[in-house]
2 protein chains.
Amino acid sequence: MSDITTTADMFMKTRDKILLSSLELFNERGERNVTTNHIAAHLAISPGNLYYHFRNKSDIIYEIFLEYEKLVDYYLDIPEDRAMTLDDMTFYLESVFDGLWSYRFFHRDLEYLLDSDSRLRKDYREFTNRCLSAISRIFEKLSEAGIIEEQPDNLRAAMSLNVWLVITNWMAFLKTAHAEETYAALTLTELKQGIYQVLTLEIPYLTPAYRDRVMALRENYRPSLPERRLEGVPV
Amino acid sequence: MSDITTTADMFMKTRDKILLSSLELFNERGERNVTTNHIAAHLAISPGNLYYHFRNKSDIIYEIFLEYEKLVDYYLDIPEDRAMTLDDMTFYLESVFDGLWSYRFFHRDLEYLLDSDSRLRKDYREFTNRCLSAISRIFEKLSEAGIIEEQPDNLRAAMSLNVWLVITNWMAFLKTAHAEETYAALTLTELKQGIYQVLTLEIPYLTPAYRDRVMALRENYRPSLPERRLEGVPV
DNA sequence: GACTCCCTAGAGTATATACTCTAATAATAC
DNA sequence: GTATTATTAGAGTATATACTCTAGGGAGTC
């Protein structure tokens, strides 16, 4: 995957360095805790310089969203000229969680961000709709490929929405489940245990031909030590 | 349901008025957008007065959380002396969404709130565990009652977690799906369409004896006009 | 009346935050 | 070289925010 979290270096344009550092700081500390002055200080540039490149903080966030959107749209581009395989499905899941990870600040303060920028609100709504369509289309193609049973349209739509809810809320859940207070105390590996949860949703719909293979795939993402963190839940 | 959103009146103690008004304002505008000065002004009391009753803003939030916790714990108290009915299940779902509604500010800025108050973080973790246990126990009792098929423990745990993820993320989803920017533009009725999504998770596990009844119940919560808001999703 | 205790007003403060302004420097074009 | 444009520094500002401090009122008790 692209190495998005690399620290900005001296060969980059200031504008790009600002975007990159902002993303890093937002991811580490949360957007709410990162000021424009912090970003400038982090890059050892003046606030004036930062505001030369961006009119305000919202514009920085918006541009980062556009990158995120582009990445996910790229990942969720579904080839229509061939049948879907289990590897495809794995790729989609892995990719979406990679994207979530790289831009993980975004879903944290989502509601506030959308309330402060109506342009972002509009774009994000359309983005959500595209993602929901893609998920639904993936289910359709998985049926065509005989991996999951065919389902009526409205059930597929509701299932797709549940998949979206689980995906977008998994990280928030992990962070609240964590005992540590540091925002950074979360790993990509843990995040990808969300795939286990998503595959859980598919279980009852798997065809006999693929059931065992998908269950084996799911095992790869089984949370390693959930009973220590969630002692109340039977495992 | 308790009429929590009633405006504070002159017969209440100042301390309670502060809690009530804070909750109202937080719910309407989001915690991030409500300052202690706003709360005081709303009640027409001085900031000094407010700080006589509460050491800081976190303490106000913490006390509100304790109320929330108490409410949900009360709702999710599962009677062990009798079998579970469909009505029970409906009651649990309705109650949980009522609770979410009354304290809807809470899940909005959850991560920030937990990061700013380690006491809250700890309590919330335990609260989550209790909720997950309750959900899991509800599934168990639904099996015992012959409403859903019996499932292995680890599947039930994963399913319970998915239910929790859908419940706690449903409101955030609704707000991002809304075109309107106002935080208040959300109704309890819409919120309860989350029940449709939760019941969607149960569908494949329903026993033949109860399948039709649950599907009919689910229809009561079907989103009224999702295709207008989510034009990309087949319905 | 005086003492005490609970409560309240309201001015005030230290700090932070998003953002601006001016002047100067580097880069590029001609 | 010179003119022009792009970029940068850095001090500064208006506003907001969480919270403090002092003074005092009101009610009950002796």
Can you tell me the distance, in whole Å, between the [atom1] atom of [X] and the [atom2] atom of [N]?
X: A/Phe54; N: C/dT20; atom1: CZ; atom2: C1'; answer: 18 Å
X: A/Leu25; N: C/dT17; atom1: CG; atom2: C1'; answer: 16 Å
X: B/Met12; N: C/dC7; atom1: CE; atom2: P; answer: 15 Å
X: B/Lys17; N: C/dC7; atom1: NZ; atom2: C1'; answer: 12 Å

- Message: With the threshold set at under 4.0 Å for non-hydrogen atoms, list the residues of residues 56-65 of chain B touching DNA chain C in residue-number order.
- Response: none
- In residues 35-46 of chain A, which ones come under 4.0 Å of DNA chain C, going by heavy atoms? A/Thr35, A/Thr36, A/Asn37
- Task: May I ask you to verify if any side-chain N or O of B/Tyr51 is less than 4.0 angstrom from the OP1 or OP2 atom of D/dC19?
- Result: yes
- Message: Ring-plane angle category for A/Tyr68 and A/His107, please: parallel below 30°, perpendicular beyond 60°, tilted otherwise.
- Response: perpendicular
Write down the protein N/O and nucleotide N/O pairs, taken from nucleotides 5-7 of chain D, whose separation is under 3.5 Å; answer none if there are no such pairs.
from  : atom 1 : to      : atom 2 : distance (Å)
D/dT7 : OP2    : A/Tyr52 : OH     : 2.9

- Item | Partner of A/Phe106 under ring pair (Phe, Tyr, Trp, His ring centres under 6.0 Å), chosen from A/Tyr124, A/Phe26, A/Phe127, A/Tyr62 | A/Tyr124
Thinking salt bridges, do [X] and [Y] make one under a 4.0 Å N-O criterion?
X: B/Asp117; Y: B/Lys122; answer: no
X: A/Arg130; Y: A/Glu126; answer: no
X: B/Lys192; Y: B/Asp98; answer: yes
X: A/Asp115; Y: B/Arg108; answer: yes
X: B/Arg218; Y: B/Glu202; answer: no

- Message: Taking the side chain as everything from C-beta on, heavy atoms only, tell me whether A/Met89 gets closer than 4.5 Å to A/Leu199.
- Response: yes
Mark yes or no for whether [X], through its side chain, and [Y], through its backbone, hold a donor-acceptor pair below 3.5 Å.
X: A/Trp170; Y: A/Leu191; answer: yes
X: B/Asn162; Y: A/Gln197; answer: yes
X: B/Lys175; Y: A/Leu114; answer: no

Under 3.5 Å, which protein N or O atoms sit close to an N or O of nucleotides 23-26 of chain D? Give each pair with its distance.
none

[Y] and [X] side chains, donor-acceptor separation under 3.5 Å:
X: B/Asn169; Y: A/Thr168; result: yes
X: B/Thr176; Y: A/Arg125; result: no
X: B/Tyr112; Y: B/Glu31; result: no

- The answer to which of A/Arg32 and A/Gly48 contacts DNA chain C further toward the 5' end, by nearest nucleotide, is A/Arg32
- Tell me, with the steps shown, if B/Glu63 and B/Arg15 meet salt bridge (charged side-chain N to carboxylate O under 4.0 Å, His left out). CA-CA 11 Å; B/Glu63 294 240 3; B/Arg15 191 188 153 82; 2.5 Å; yes
- Query: For the atom pair OG (B/Ser116) and CZ (B/Arg121), what is the distance rounded to the nearest 0.5 Å?
  - Reply: 9.5 Å
- Message: Does A/Lys70 form a side-chain contact (heavy atoms from CB on, under 4.5 Å) with A/Leu66? I'd like the steps, not just the answer.
- Response: CA-CA 6 Å; A/Lys70 214 167 109 184; A/Leu66 291 180; over 6 Å; no
- Scoring nucleotides 23-29 of chain C by protein non-hydrogen atoms under 4.0 Å (B base, S sugar-phosphate only, - none) yields -------
- Roughly how bent is the helix from C/dG1-D/dC30 to C/dC30-D/dG1 end to end, in steps of 10 degrees, with each end axis from five pairs? 10°
- Query: Given the rule in the salt bridge (charged side-chain N to carboxylate O under 4.0 Å, His left out) test, do A/Glu140 and A/Arg137 qualify, once you have shown the distances and angles that lead to the verdict?
  - Reply: CA-CA 5 Å; A/Glu140 257 178 342; A/Arg137 184 72 191 119; 2.7 Å; yes
